[in-house]
Amino acid sequence: MKRMVSLACVLALAVSMMAGCSSKSEETKAAETTADTVAETTAETAGESAAAGDSGKLIMATEAGFAPYEYTEDGETVVGVDVDIANEIAKAMGKELEIQNMTFDGALLAVQQGVVDFAAAGISVTPDRQEEMDFTIEYATSKQVVVVKKDAGKITSVDDVKEGTVVGVQMGTTGDFYCTDDLGCEVKQFSKYVEAALELKNDKLDCIVMDSLPAEQLVAANDDLEILDGELFTDKYAIAVKKGNTELLDQINEVLQQLIDEGKIDEFTINHTTK
C-alpha cells in the first residue's frame, strides 16, 4: 500500500477522507477531524486503551480495502492475510482479536494515540512514520504496479508514469507519495481502489498505482483493466504499534518470525489470492 509520510475508526466513513498524497502536516490535518471520534469509540468498545493490557482484547486497526491483506466478503466481516496474522498474534497472547475498520490514515493515527493496540494494513516503514510509531520486522514484500484500462493507449509502459500523468492512488500509501513527490504526477486520491477503478474505466484517470496483489484482485474483478509489465518500485510491509510499546512489539515480532519461518504467511497469501 501501500502505501511518504506518517499517517479513524469504524465511524471514519462519515468523514470521507479520500486516499492521497500530501505532506506530513497535511496528512495529520486530514486525520485530526476524526481523532476525537476514534478515541471516543474505542473507549466505548474497549473501556480504555487495549494497550493497558487488561481488557482481554487485542485491538487491530485496519482499512479493509486492500485485498488480499484486508478486505470484506460480505461488506462487514474483515478478512485477509493481515487478519490471519493478527489472529495468530492474539492466540499467542491469549486474547480475543477485535478489528476496527477505518481509513488508512486513521489507522495510523489510532496507533499513535494508543487507542488501538496495533495497525496492520499493508503499512510501509518510512523514516517519517518511524518518528511517530514503532514497527515490527517486515513480513511481506510487494511490487508497486500500474493498472490501466485495456486498449486506452494513454499509458503503455511503467516508464510512461511521470510528471503530468493523472494517477489514482489510495490515500496515505507509498504509491501515493511516490507518484507525487518522486514522479510529480497529477494524483487523485481515493479511500478504496474500487473507486479508482471506476474513475479509470470512465477515462478520468490515466492509470492506478498500487500493490501487485491487490492489483491482481482488482483486475480479476474488472476484465476491462490490466496490469502493465514491470514495476515502479518494491514495497515492504510491517505492523505498527504505539511508540515505546516495546513489550507488545517484542510479542508480535516473536509470532511474526515464527510464522515466517514456518511458511505460514505464504500460505495465508495463497489462500487469499486463489479463491
Side-chain angles (χ1 to χ4, degrees), residues 1-5 16-23 26-27 30 63-72 80-81 103-105 121-124 126 140-237 269-270 272-275:
M1 45 185 141
K2 294 226 240 72
R3 339 138 98 234
M4 286 228 181
V5 139
S16 287
M17 294 171 57
M18 302 299 282
C21 79
S22 57
S23 66
E26 290 172 331
E27 183 175 336
E63 188 280 303
F66 196 61
Y69 294 100
E70 37 273 319
Y71 59 101
T72 63
V81 177
T103 65
F104 183 74
D105 281 348
I123 303 171
S124 304
T126 70
T141 300
S142 181
K143 299 183 297 181
Q144 294 295 301
V145 298
V146 179
V147 177
V148 298
K149 183 179 178 180
K150 286 182 179 178
D151 304 320
K154 294 181 179 179
I155 302 294
T156 59
S157 165
V158 293
D159 295 330
D160 293 334
V161 182
K162 53 191 176 183
E163 185 176 358
T165 303
V166 183
V167 180
V169 297
Q170 186 183 53
M171 182 178 184
T173 65
T174 52
D176 171 2
F177 299 116
Y178 182 80
C179 289
T180 304
D181 300 334
D182 293 70
L183 299 182
C185 299
E186 181 181 336
V187 173
K188 292 191 176 182
Q189 308 165 338
F190 299 89
S191 60
K192 305 285 184 181
Y193 283 119
V194 291
E195 298 168 354
L198 181 60
E199 293 290 277
L200 179 60
K201 292 195 284 186
N202 287 332
D203 297 318
K204 294 181 179 180
L205 299 174
D206 294 331
C207 65
I208 302 171
V209 171
M210 59 188 298
D211 181 283
S212 61
L213 290 178
E216 291 169 5
Q217 300 285 315
L218 187 68
V219 168
N222 296 273
D223 57 11
D224 51 348
L225 303 183
E226 64 181 353
I227 301 171
L228 295 179
D229 292 335
E231 62 188 80
L232 284 181
F233 62 95
T234 299
D235 206 4
K236 294 184 178 182
Y237 303 143
T269 303
I270 291 172
H272 289 285
T273 54
T274 58
K275 290 183 177 181

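Please read these numbers as outputs of a predicted model, since none were measured by experiment. Position 1 is the first residue of the sequence; numbering continues from there.
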- Message: Between Lys192 and Glu63, is the salt bridge (charged side-chain N to carboxylate O under 4.0 Å, His left out) condition met? List the steps.
- Response: CA-CA 9 Å; Lys192 305 285 184 181; Glu63 188 280 303; 2.8 Å; yes
- Task: Over 60° means perpendicular and under 30° means parallel, so classify the ring planes of Tyr237 and Tyr69, tilted if in between.
- Result: perpendicular
- Message: Please evaluate residues Val145 and Leu228 with respect to the criterion side chain to side chain contact (heavy atoms under 4.5 Å, CB included), reporting the C-alpha separation (whole Å), side-chain torsions for both, the decisive distance (0.1 Å), and the verdict.
- Response: CA-CA 7 Å; Val145 298; Leu228 295 179; over 6 Å; no
- Exam field: side chain Gln170 to backbone Ser191, donor-acceptor pair closer than 3.5 Å: yes
- Item | Nearest heavy-atom neighbours spanning Leu232 and Tyr178 | O-OH, 3.9 Å
- Step-by-step side chain to side chain contact (heavy atoms under 4.5 Å, CB included) determination, Val161 to Cys185: CA-CA 7 Å; Val161 182; Cys185 299; 3.9 Å; yes
- Query: What are the two closest non-hydrogen atoms of Cys207 and Val146, and how far apart are they?
  - Reply: CB-CG1, 3.6 Å
- Item | Met210 versus Ala215, closest heavy-atom pair with distance | CE-N, 3.5 Å
- Message: Donor-acceptor pair, distance only, cut-off 3.5 Å: does the side chain of Asp160 make one with the backbone of Ser157?
- Response: yes
- Task: Take Val167 and Ile208, measure what side chain to side chain contact (heavy atoms under 4.5 Å, CB included) needs, and give me the verdict at the end.
- Result: CA-CA 5 Å; Val167 180; Ile208 302 171; 6.0 Å; no
- Query: Short question: side chain of Asp211, backbone of Leu213 - any donor-acceptor pair under 3.5 Å?
  - Reply: yes
- For Lys201, does the NZ atom sit with more than 12 other heavy atoms under 6.0 Å from it, leaving out its own atoms? yes
- Query: So with a 6.0 Å cut-off around CG of Asp229, is the heavy-atom count from everything else above 12?
  - Reply: no
- Message: I need the minimum non-hydrogen distance between Val147 and Leu225, along with the two atoms involved.
- Response: CG1-CB, 4.1 Å
- When rounded to the nearest 0.5 angstrom, what is the spacing between CD in Glu231 and NZ in Lys143? 5.5 Å
- Query: Hey, what do you get for CD (Gln217) to OG (Ser212), rounding to the nearest 0.5 Å?
  - Reply: 10.5 Å
- Task: Look at atom NZ of Lys162 and say whether more than 12 heavy atoms of other residues, nucleotides or ligands are closer to it than 6.0 Å.
- Result: no
- Query: Knowing that exactly one of Asp203, Asp223, Asp224 qualifies, which makes a salt bridge (Lys or Arg N to Asp or Glu O under 4.0 Å) with Lys149?
  - Reply: Asp203
- With side chain to side chain contact (heavy atoms under 4.5 Å, CB included) as the test, would you mind laying out the steps for Ile155 and Thr165 before giving the verdict? CA-CA 9 Å; Ile155 302 294; Thr165 303; 3.8 Å; yes
- Message: Just verifying a value: how many Å separate Lys188 NZ and Glu195 CD, rounded to the nearest 0.5 Å?
- Response: 13.5 Å
- Task: State, to 0.1 Å, how close Val209 and Gly175 come at their nearest heavy-atom pair, and which atoms those are.
- Result: CG1-CA, 4.2 Å
- Got more than 12 heavy atoms from elsewhere within 6.0 Å of NZ, Lys154? yes
